[in-house]
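See below for the structure under consideration.
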Amino acid sequence: MRFWLMKSEPSTYNIDTLSQAPKQTDHWEGVRNYQARNFMRDDMKKGDHAFFYHSNCETPGIVGKMEIVRESTPDFSALDPESPYYDPKSTEQNPRWFMVSVRFLEKFTHPIALHTLKNYSALHQMILLKPGNRLSVMPVTPAEWQFILNLSKE
DNA sequence: GCCAACGTTGGC
DNA sequence: GCCAACGTTGGC
């Protein structure tokens, strides 16, 4: 099983939105970055786990975890002219963007703020913490995953 | 294939 | 809301 971190702006979609969705499952639509897309399309497998990260908000950080329940399929929002994620260069025959489906697993009683993550040398290598990083989907190592899970239980 | 201009991300 | 860092676009 592999581990991931996926960002969302909570004003658009947050961990409560997911936990209140039917079957606590939803599409992770709207990723429009090639590297992030490639992770979802090529490397994410059913059964993988992912942290839910709130970005661009008062306290950015990891707020919970989820499970990948469906591997990548074309992101239909790219085909919808009404969608903010519309991309005229993506077509049904030749889709440019992909998404996975995720299921809510847990909302942390102690979310871990970005500024807290930065305090631990065990996490210094996290892609999330690399200067200038803007990836919205990225891998997390098993050691990082376990370390962060432990923090969430303190 | 270079690279300037532009748009986006996301912390602060 | 600012703005630095980065990715993408498109003219040449």
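Sequence lines set the chain letters: A, B, ... in the order given, protein chains first and strands last, and positions in each chain run from 1.
Residue pairs meeting the salt bridge (charged side-chain N to carboxylate O under 4.0 Å, His left out) criterion with at least one member in residues 132-146 of chain A: none, sequence neighbours excluded. Residue pairs meeting the salt bridge (charged side-chain N to carboxylate O under 4.0 Å, His left out) criterion with at least one member in residues 44-56 of chain A, sequence neighbours excluded, do not occur. Each salt bridge (charged side-chain N to carboxylate O under 4.0 Å, His left out) pair with one or both residues in residues 16-27 of chain A, not counting sequence neighbours, appears once here: A:Asp16-A:Lys107.
In this structure, NZ of A:Lys130 is placed 19 Å from C1' of B:dG10, rounded to the nearest angstrom. One can place CZ of A:Arg96 at 10 Å from P of C:dT8, the figure rounded to the nearest angstrom. To the nearest angstrom, C1' of C:dT8 lies 8 Å from OH of A:Tyr34. In this structure, A:Arg37 atom CZ and B:dT9 atom C1' are separated by 19 Å, rounded to whole Å. Summarising the geometry, the separation between OH on A:Tyr53 and C1' on B:dG10 is reported as 8 Å, rounded to the nearest angstrom. One interatomic measurement links the two molecules: CG of A:Leu117 to P of B:dC12, which rounds to 11 Å at whole-angstrom precision. Computed from coordinates, the A:His54 NE2 to B:dC12 C1' distance equals 19 Å when rounded to whole Å. Rounded to whole Å, the distance from CD1 on A:Ile62 to P on B:dG11 is 12 Å.
Among residues two or more places apart in sequence or in another chain, the side-chain contact (heavy atoms from CB on, under 4.5 Å) test is passed with A:Ile112 by A:Phe108, A:Thr116, A:Leu117, A:Ile148, A:Leu151, A:Ser152. Considering only residues two or more places apart in sequence or on other chains, A:Ser77 meets the side chain to side chain donor-acceptor pair (under 3.5 Å) condition with A:Arg32, A:Asp75. Qualifying side chain to side chain donor-acceptor pair (under 3.5 Å) partners for A:Glu9, counting only residues two or more places apart in sequence or in other chains: A:Asn56. For A:Trp97, the side chain to side chain donor-acceptor pair (under 3.5 Å) partners are A:Asp87, not counting sequence neighbours.
Put simply, A:Lys118 has a side-chain N or O that comes within less than 4.0 Å of OP1 or OP2 on B:dC12. For A:Lys7, no side-chain nitrogen or oxygen approaches OP1 or OP2 of B:dT9 to under 4.0 Å.
Nucleic acid contact class of A:Leu135 (heavy atoms, under 4.0 Å, all strands): sugar-phosphate only.
Within a heavy-atom distance below 4.0 Å of DNA chain C, the residues of residues 76-90 of chain A found are A:Lys89.
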Considering only nitrogen or oxygen atoms on both sides, find all protein atoms under 3.5 Å from nucleotides 2-5 of chain C and state each distance.
from, atom 1, to, atom 2, distance (Å)
C:dA5, N3, A:Arg134, NH1, 3.0

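The closest side-chain donor-acceptor pair between A:Arg96 and A:Tyr34 falls under 3.5 angstrom.
For A:Trp28 and A:Phe52, the gap between ring centers is short of 6.0 Å.
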